[in-house]
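Since this is a predicted model, take the numbers as computed values, not measurements. All values below were derived from every heavy atom in this structure, side-chain atoms included, with hydrogens, water molecules and symmetry-related copies excluded.
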Amino acid sequence: MEAGLTNPVLHGYFRSSCSWRVRIAFALKGIEFDQVSVNLIKDGGEQLAVIQYIDETRPGPRLLPADPKKRAQVRMISDLIASGIQPLQNLYVIQKIGSDKLQWAQHFIDRGFQALEPILKQTAGKYCVGDEISMADICLVPQVYNAAERFDVDVDQYPTIKRINQTLNEVEAFKVSHPSSQPDAP
């Protein structure tokens with residue numbers, strides 16, 4: 001951490017996909033941060049702007065590639081996940097759906113993964129876009145966790161998504177940011 005800078009404070013919830021994405025970005029950049037636990041009832045908002053700010057203001061691995069084409073691919077994948085899939089399974093939305101919430105979530109996750117899988121087949125190397133971890137990977141892992149663990153989506157039908165997720169879950173930054181490793185996890 002640079003002299004004179006205090007630790008950033010993350011107000012978040014252990015299982016929030018948005019908070020999880022920020023925790024991964026901090027871990028990848030080696031940034032120590034303080035946490036204030038917030039028990040979410042509704043979505044805390046998208047944090048892609050926070051991740052881009054972290055990338056632009058802190059040293060460490062780039063979360064957005066320097067190459068314009070790859071950077072556009074990262075943003076496209078990130079937006080698809082963070083804006084097209086994840087909001088439809090937020091706590092507030094799921095509570096409003098009622099007893100059909102599992103089928104609702106499965107439908108929209110499957111629909112999103114059906115769009116994402118062919119994109120990743122074209123862009124992926126070891127990770128979502130090539131062989132460097134990016135903001136797209138930060139978005140992918142929390143979404144796959146929600147799909148498989150919370151909403152019982154069969155991720156085996158999306159082999160590229162599954163492979164990338166398994167690879168990322170072996171990276172230390174993703175391990176330490178996992179919901180089960182958070183101070184407010186039950």
Side-chain angles (χ1 to χ4, degrees), residues 1-64 74-75 77-98 101-102 104-105 108-109 112 127-128 132-153 164-165 168-186:
M1 183 132 272
E2 296 177 33
L5 292 178
T6 60
N7 286 354
V9 178
L10 174 62
H11 294 258
Y13 180 62
F14 77 100
R15 199 172 57 196
S16 162
S17 296
C18 299
S19 297
W20 191 353
R21 291 190 289 260
V22 175
R23 290 192 307 265
I24 295 169
F26 281 152
L28 285 169
K29 292 281 192 173
I31 299 170
E32 292 183 19
F33 64 99
D34 298 321
Q35 291 193 69
V36 175
S37 298
V38 177
N39 189 351
L40 294 181
I41 299 300
K42 60 182 178 178
D43 181 33
E46 298 303 328
Q47 282 135 336
L48 294 180
V50 171
I51 293 169
Q52 290 180 50
Y53 176 80
I54 292 167
D55 194 38
E56 293 168 0
T57 61
R58 303 297 174 120
R62 293 184 62 98
L63 304 177
L64 286 165
V74 165
R75 286 187 170 129
I77 293 164
S78 299
D79 286 345
L80 174 60
I81 296 167
S83 299
I85 304 172
Q86 188 257 332
L88 295 167
Q89 65 203 340
N90 282 337
L91 291 174
Y92 181 77
V93 173
I94 292 297
Q95 288 171 346
K96 289 291 186 185
I97 299 301
K101 65 185 174 186
L102 183 62
W104 165 274
F108 285 105
I109 293 168
Y127 304 115
C128 286
E132 300 294 325
I133 294 174
S134 70
M135 184 169 68
D137 301 294
I138 291 171
C139 292
L140 181 70
V141 169
Q143 183 56 64
V144 174
Y145 172 87
N146 284 337
E149 302 298 323
R150 290 181 63 206
F151 299 113
D152 199 29
V153 171
I164 295 168
N165 184 67
L168 288 164
N169 278 318
E170 296 301 316
V171 174
E172 187 63 21
F174 288 81
K175 289 179 183 179
V176 301
S177 62
H178 192 276
S180 65
S181 299
Q182 302 315 302
D184 58 333

Reported [atom1]-to-[atom2] distance for the pair [X] and [Y], which is rounded to 0.5 angstrom:
X: L140; Y: I24; atom1: CG; atom2: CD1; result: 9.5 Å
X: E56; Y: R58; atom1: CD; atom2: CZ; result: 13.0 Å
X: I85; Y: L80; atom1: CD1; atom2: CG; result: 4.5 Å
X: L63; Y: I138; atom1: CG; atom2: CD1; result: 4.5 Å
X: Q143; Y: I81; atom1: CD; atom2: CD1; result: 7.0 Å
X: S83; Y: L88; atom1: OG; atom2: CG; result: 10.5 Å

Tell me, with the steps shown, if R23 and F33 meet side chain to side chain contact (heavy atoms under 4.5 Å, CB included).
CA-CA 9 Å; R23 290 192 307 265; F33 64 99; 3.9 Å; yes
What I'd like to find out is whether the side chain of [X] reaches to under 4.5 Å of the side chain of [Y], using heavy atoms alone.
X: H178; Y: V141; answer: no
X: S181; Y: K175; answer: no
X: R62; Y: E132; answer: no
X: F108; Y: V93; answer: no

If I compare all heavy atoms of [X] with all of [Y], which pair ends up nearest, and what's the gap?
X: L64; Y: M135; value: CD2-CE, 3.8 Å
X: P87; Y: G84; value: CD-N, 4.3 Å
X: V74; Y: A136; value: CG1-N, 3.6 Å
X: L10; Y: S19; value: CD2-O, 3.9 Å
X: A147; Y: I109; value: CB-CG2, 3.6 Å
X: F14; Y: P186; value: CZ-CD, 3.3 Å

So, [X] side chain and [Y] main chain: donor-acceptor pair closer than 3.5 Å or not?
X: D184; Y: S37; result: no
X: D55; Y: I51; result: no
X: Q182; Y: S177; result: yes
X: K29; Y: P61; result: yes
X: E32; Y: F26; result: no

Kindly determine whether C18 and Q86 satisfy side chain to side chain contact (heavy atoms under 4.5 Å, CB included), including the steps that lead there.
CA-CA 9 Å; C18 299; Q86 188 257 332; 4.0 Å; yes
Decide side chain to side chain contact (heavy atoms under 4.5 Å, CB included) for H11 and Q35; before the verdict, give the C-alpha distance in whole Å, the side-chain angles of both, and the deciding distance to 0.1 Å.
CA-CA 6 Å; H11 294 258; Q35 291 193 69; over 6 Å; no
May I have the step-by-step check of side chain to side chain contact (heavy atoms under 4.5 Å, CB included) for C128 and D137, ending in yes or no?
CA-CA 6 Å; C128 286; D137 301 294; 3.2 Å; yes
